[in-house]
Each structure stands twice: as structure tokens, then as C-alpha cells.
Amino acid sequence: MEESKKLSLNFIEEIIEQDLAEKTGWKVHTRFPPEPNGYLHIGHAKSICLNFGIAEKYGGLTNLRFDDTNPTTEETEYVESIKKDIRWLGFDWEGREFYASDYFEILYEYAQKLIRKRLAYVDDSTSDEIAEQKGSPTSSGIESPYRNRSVEENLDLFSRMRAGEFEDGSKVLRAKIDMASPNMHLRDPVMYRIKKESHHRTGDAWCIYPMYDFAHGQSDSIEEITYSLCTLEFENHRPLYDWYIEALDIFPSRQIEFARLNVSHMVTSKRKLLQLVEGGHVKGWDDPRMPTIAGLRRRGYTPASIRTFCDKVGIAKRENLIEMALLEFCVREDLNQTASRAMAVLDPVKVIIENIDPEHVEWLKAENNPEDPDAGSREVPFSREIFIERSDWMLDPPKKYFRLGPDRTVRLKHAYIIHCHDHKLNANGNVSEIRCTYYPDSKSGSDTSGIKAKGTLHWVSTSHARSVEVRHYHTLFTEPEPTRDEDKDFLEFLNPDSLTVIPSAVAEPALAAAPVGSRFQFLRKGYYIKDQDSTDDCPVFNLIVELRDSWKGKK
RNA sequence: AGACCUAUGGUGUAAUCGGCAACACGUCAGAUUUUGGUUCUGAAAUUCUAGGUUCGAGUCCUAGUAGGUCUACCA
């Protein structure tokens, strides 16, 4: 299967295969480098799958490295949630769990080395002044008045920065590169800043912290990462990434950029996700509408379906917007094979089968999954009064309506064929009760009636029905790209119908007994997962994704 | 506009390095079906523009156009 599948390589695999062919003893070593300041989302999943997947494909390794160089925003709590999410997705860093903060001492020595090479200096300019010195993309910058301090003075000042002699913001260490470079990142970038704050791992040991550009590439190098895969917005950082490595003369890791994942009707910026949570637009980081890994997990997405999705979206360098339909396809494809079927009626209306005795109960055999013979079967109770879906009956149906209506015939799934001969309407003209007769010789599996029924309905015996709460989720945004319009806040495109709660749907007994986290296909409806909010009295089911529906009420 | 990057059906991604533009999702139609699910078959739909090189260009060259990124003591 994998033989015929991967005839074509993505551009990163091409680079790797070329390296492998040309360099003897070459190893593939990647890393996944989250900053522990937020929850992982679907975009991170792409990066995780890429980094771990490519290492696995070429017999290499992947490190987990927390990019924790900013004590202001980072917390241990996030470290734990990130590790949980990666494991849940199905990847293992095999104990290679590192932290940029582990390298603070080495980084400090690296900085001293650059000072000695006259490639770094302590700058007393304020951040405003530094910003001013930078110039603009179209005009060159100007050099800082502190740029030509002596090596001795720089070394002294830098050590005193570390010793805590100076206030936050009063001094920084800068690389001495080129204030006229067309690349803004090369205009004497800041390497270290003073922050007298406790770090989640190093505590108060440090009051100077390295910037991303002076930490990330060096960490890659220390770990001898051969391929440092990151997203496109770091393209302009690559010359600086390379400059530091060359100036320091350390292991030459290589940064390769690929396009980040964008999925329609979702946002993935940390700031916007935070806004959704803090603004109360969702119920938390694991709200089933959130594109976070925690949200997708609670929504019912399987790890396998997310991995398949990440594989299908591909790796390239052009900006993209993946349709959510692809994600939905991936989870349906998975769940079709694995989810047990069950019957639940979301909007019930009562059917009375007049030629069944009121006391009669028959337990019918129902297969759990037609796609999987090993899934076995269960018993479903059938009796005189049942519920069917309100939308499965129509007073005056259109031409190709296969369901029930006056004087119509349908099959009840796993049971008998029934014929509707009477009904009651309420004041609003909606059906309130349906009266039928059944054909005793039409039982599923041993039908000798010869009667043909075009439609098959799901149903639940009224006296055995369990009440369940069902939560229907739809896209959080009404627009495919809620951040597209720069004049409008993305919150304006929040979908008011992203959550619909059905407080009292009815379900067959097996559903109420299922453990939290079990997934089902509600026949003819969709895939659902039992939510952690469930109680004994009130089981709760989240809609994962609806079944495809080629009917959709077409006329 | 200064630099860097990108441009292939509606959406993504390929095209064995110059040789009949394909795969997936989506859409539409049909078949099968005791889930209007699944499965199967078929259809519509693609190389940003203009020149050039070549027997032959999605691929090479030139010039445009469009989009993205960059001016944090964030990552």
C-alpha cells in the first residue's frame, strides 16, 4: 500500500533524499518546538505530523523542545497540556524532551564569544531609539552610538546585566551586523534583554533572557537538528539564523520553511483563540467548537482522522485555505469503519402500531456495524408505541420522498414494515401522533411478506427510550475566512447557531449505558461522542460530524 | 514600493527535472443498498498575463500582474 502511494515527494522530502544520497552518515533529526504559552491547535498538528512523520520515514529522530525564552508568558501548565496533546495524536519523543532554558548557560557563553569577535555589543538605547535606528524597509537604518564599545567594556557590561545591576529595558545585547541591510532582521538584532522575572523552570537564576533568534537556531544546533522545519513567516529570519551559526561556528542546522495550515471557518492565531475563550464566545479551550487539539478531542475527532487530514493537506510553500469538508471527510472515513451504530430520535413524534398488543415487547437483533462483522450485534426492544423522527413523516410529500406519510409504507430498521393509515395534527398543523399497522411476516432477516418499502427509518420504543441531551455543533464562523476583511473584527462573523442543544432526545438503552468518550453513529444522523458532562440521569452526546446527506429535502 | 517568498480545476496537492496535466476533497448524474450512510460508475471543471527559446513549455528565459512575509526588548 505504501509502495504505490508515495511516488511523489514533497519539497522537503526531496531535499532530504538528496542530502541522504550525497552526504555519508547523514541523519534526519527534526524537532517540534512549541512555546509553552498556549494550547496546541490543528495548525500545530500539521507541524507535529510533519516533524515526527518525516523522521520516522527516514529512520531519524524527533525532539520535543519547549521554546521557553520569555518568562512573562510561559507556564508549566501549558507544558503538560502540550505533552498530553502530542501523545494523544499518537507521537512519542522517546524521552528527548528539551527546553531552550536548559541552554541558557551555553547561550550566554555563545554571546560572550560574539562579543569577543566584535560581533555583538551592549546598547544603552531605549527600545524606542532602537526602533528608530532600524529605519524602514525602504530606507537604511543608522548605527547606535554605543555600537563601537570595546570588547572589554561589552564583556563587563554584559556580565553586569546578568548580575542584575541594570533595570529592565535599560540595556540590551545586540548583534553587530548591518544597519543598511535590506533585511530588517539583520539590522543589529537584539540578542538579550533584561527581564527581572521568574522563569517557570530556571526561577530567578536569570534576569537576562535570549531572544527567539538567538535561542532557536542555537538550540537546534546544540541538539544537532539537521532539519529545522518552520512556517513561512520565518523565511526572512533565515539569513540571521545562518549568520549566528556561522559566526559561532557551530553545528549547521538547516531551517526550511513551509506554508502554515489554514482551515476554512476556523481561526488559529493564539491571540484570537484567547479572545474567544476570554470573551465567553466559547466555553473554554476544549470547547468542541474550538480548533484546539483539546477541542477536537472533546468534539470526538479521532487521532487517526487528524493524522490522515494532515497527510492529505500536503506540504508546500504557497498560502492555502483547506476546506473544512476535508477534515470532515477524514473523520467520517475513520468512524464509518469503527463506530458502533445505534438509534436515537432527535425530534420525536409518537407512532402507535395498532395491531401490536400493548404488553408485547420483542427484542430484535441489530448489527453494530455493517462495515465490521466482528463488531457483533445487540438487542433492541420493539413494542406497540415507538418514536420516529418528526422529519420522517410528511403530510403532503414531494415526489421522491421515501419516508412516511398518509397511506405510505416504510421499513423500521432492524424490525418490520409498517403502513400509515391515520394521523393527528396539532393546532399548528404539525403531526402529533401517527397510527400504523405492521406486517408480522416482514421481520428483518426473515421477510416473507413480499412488500416493498422504499425508505427505512430509525426508531426507539417509547417505553424503553432513554432521554439524552444532544449538542449539535456547527462552524464557529459564518465566513470561510473570518479574518480576511481587515476592516471587520472576526468576532462579527461568529455563527450564532454554532451550538444547538437538544435537551431531550430519545435513545435506545445501550446509549445511556456507554462510557464517556465512546463514539457512535446515530443511524441516518451522524457521528456522536459521549461527553464528559454526562450524568447518570442525563447522558450528553456531542455531534462529531453529520452523515453525508444526498437528500437534504430536495424537491 | 526595499528585500525575501509564492502563483496548476471550486479547494488542496502532483506531474519521474522539456514529452498526452493527474490524485484527493467538493459539486452534479446514475447503479447498488433494510442507514437518502457505505460501496461502485460516470460527468463538469485546471497551468496568472504577454512575449521569447524549442519539433515540443505547467516546467527554461524576459517583462509584467496578483498574493504573502518583514520595520516586537514576542515566538
Side-chain angles (χ1 to χ4, degrees), chain A residues 5 7-10 33-35 37-38 67-70 72-74 100 123 125-127 130-132 134-141 168-174 181-187 189-195 208-209 211-213 215-216 230-239 257 259 264 270 312-330 332-333 336-337 341 343 367 370-371 400-403 410-415 417 442 444-445 447 453-458 480 521-526 546-554:
Chain A
K5 196 183 162 195
L7 283 175
S8 65
L9 306 172
N10 66 48
E35 184 189 8
N37 73 342
D67 228 335
D68 56 350
T69 57
N70 184 356
T72 313
T73 54
E74 295 153 1
D123 195 336
S125 304
T126 64
S127 69
I130 289 175
E132 213 166 302
K134 284 234 164 157
S136 77
T138 49
S139 64
S140 96
D168 285 16
S170 60
K171 283 179 169 48
V172 292
L173 184 72
R174 284 227 259 174
S181 171
N183 184 328
M184 300 298 285
H185 297 286
L186 262 18
R187 318 246 267 223
V190 172
M191 294 167 60
Y192 270 91
R193 75 284 212 187
I194 303 171
K195 270 178 185 269
I208 56 171
Y209 293 94
M211 300 290 292
Y212 167 83
D213 287 304
H216 195 94
C230 63
T231 47
L232 252 27
E233 61 264 35
F234 292 100
E235 238 161 4
N236 294 330
H237 293 243
R238 182 160 22 96
E257 312 85 14
S264 74
K270 276 180 188 168
K312 284 183 186 294
V313 297
I315 301 295
K317 294 192 75 160
R318 62 184 100 113
E319 295 293 332
N320 57 76
L321 181 66
I322 309 294
E323 291 173 339
M324 224 179 57
L326 184 61
L327 219 205
E328 295 181 336
F329 165 80
C330 292
R332 279 194 197 103
E333 187 185 43
N336 180 47
Q337 300 299 323
R341 316 284 120 131
M343 295 196 287
E367 63 186 347
E371 305 296 320
K400 285 164 84 175
Y401 187 79
F402 301 154
R403 284 110 97 147
V410 294
R411 156 146 334 255
L412 296 175
K413 182 71 180 177
H414 304 307
I417 293 174
S442 67
S444 271
D447 184 353
K454 190 75 176 153
T456 302
L457 308 186
H458 60 283
Q521 183 198 102
F522 288 3
L523 236 45
R524 301 208 305 139
K525 284 296 173 187
E546 290 176 296
L547 250 32
R548 279 187 49 182
D549 184 4
S550 56
W551 164 243
K552 291 280 186 198
K554 77 174 96 157

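Note that the structure is predicted; figures quoted are calculated from it, not measured.
Note on R332(A) versus E546(A): no salt bridge recorded, every NZ/NE/NH1/NH2 to OD/OE distance being 4.0 Å or above. By the 4.0 Å N-to-carboxylate-O rule, E257(A) lies close enough to R238(A) to be salt-bridged with it. Look at D168(A) and R193(A) and you find no salt bridge, because none of the NZ, NE, NH1 or NH2 atoms lies under 4.0 Å from a carboxylate O. R174(A) has a carboxylate O that lies under 4.0 Å from a charged side-chain N of D123(A), or vice versa, which qualifies the two as a salt bridge.
Rounded to a whole Å, the CG atom of L232(A) is 12 Å from the C1' atom of rC70(B).
OP1 or OP2 of rA75(B) sits under 4.0 Å from a side-chain N or O of R193(A). Of the side-chain N and O atoms in T456(A), none sit less than 4.0 angstrom from OP1 or OP2 of rU33(B). For R332(A), no side-chain nitrogen or oxygen approaches OP1 or OP2 of rU38(B) to under 4.0 Å. OP1 and OP2 of rC74(B) both lie 4.0 Å or more from every side-chain N or O belonging to K270(A). Under 4.0 angstrom from either OP1 or OP2 of rA75(B) there lies at least one side-chain N or O belonging to T69(A).
Scanning atom types as modelled, no donor and acceptor separated by under 3.5 angstrom connect the side chain of E319(A) and the base of rG12(B). Scanning atom types as modelled, one donor and one acceptor separated by under 3.5 angstrom connect the side chain of R318(A) and the base of rU8(B). For H237(A) and rA75(B), a side-chain-to-base donor-acceptor distance below 3.5 Å is present, hydrogens and geometry of angles not being considered. Looking at E323(A), its side chain comes within 3.5 Å of the base of rG10(B) through a donor and an acceptor atom. Taking 3.5 Å as the limit, the base of rU69(B) and the side chain of N236(A) contain a donor-acceptor pair of atoms between them. Q337(A) contributes no side-chain N or O that forms a donor-acceptor pair with the base of rU38(B) under 3.5 Å.
Residue contacts for V313(A): at a heavy-atom cut-off of 4.0 Å it reaches the sugar-phosphate backbone alone, with no base atom in range. Within the 4.0 angstrom heavy-atom criterion, only backbone atoms of the sugar-phosphate kind lie near L326(A); the bases stay farther away. Across all strands shown, Y401(A) has heavy atoms under 4.0 Å from base atoms, whether or not it also approaches the sugar-phosphate. R341(A) comes within 4.0 angstrom of a nucleotide base, judged by non-hydrogen atoms across all strands.
Nearest to the side chain of M211(A), among rA24(B), rC73(B), rG37(B), sits rC73(B). Closest to the side chain of R524(A), out of rU69(B), rG2(B), rU35(B), is rU35(B). Across rG36(B), rC70(B), rU35(B), the shortest atom-to-atom separation from the side chain of L523(A) is found for rU35(B).
A stacked arrangement is not assigned to Y212(A) and the six-membered base ring of rA75(B), the conditions of a centre distance below 5.5 Å and an interplanar angle below 30° not being jointly met.
Heavy-atom minimum distance, L457(A) versus R403(A): CD2-CG, 3.6 Å.
A distance of about 11 Å separates the P atoms of rG42(B) and rA24(B), rounded to the whole Å.
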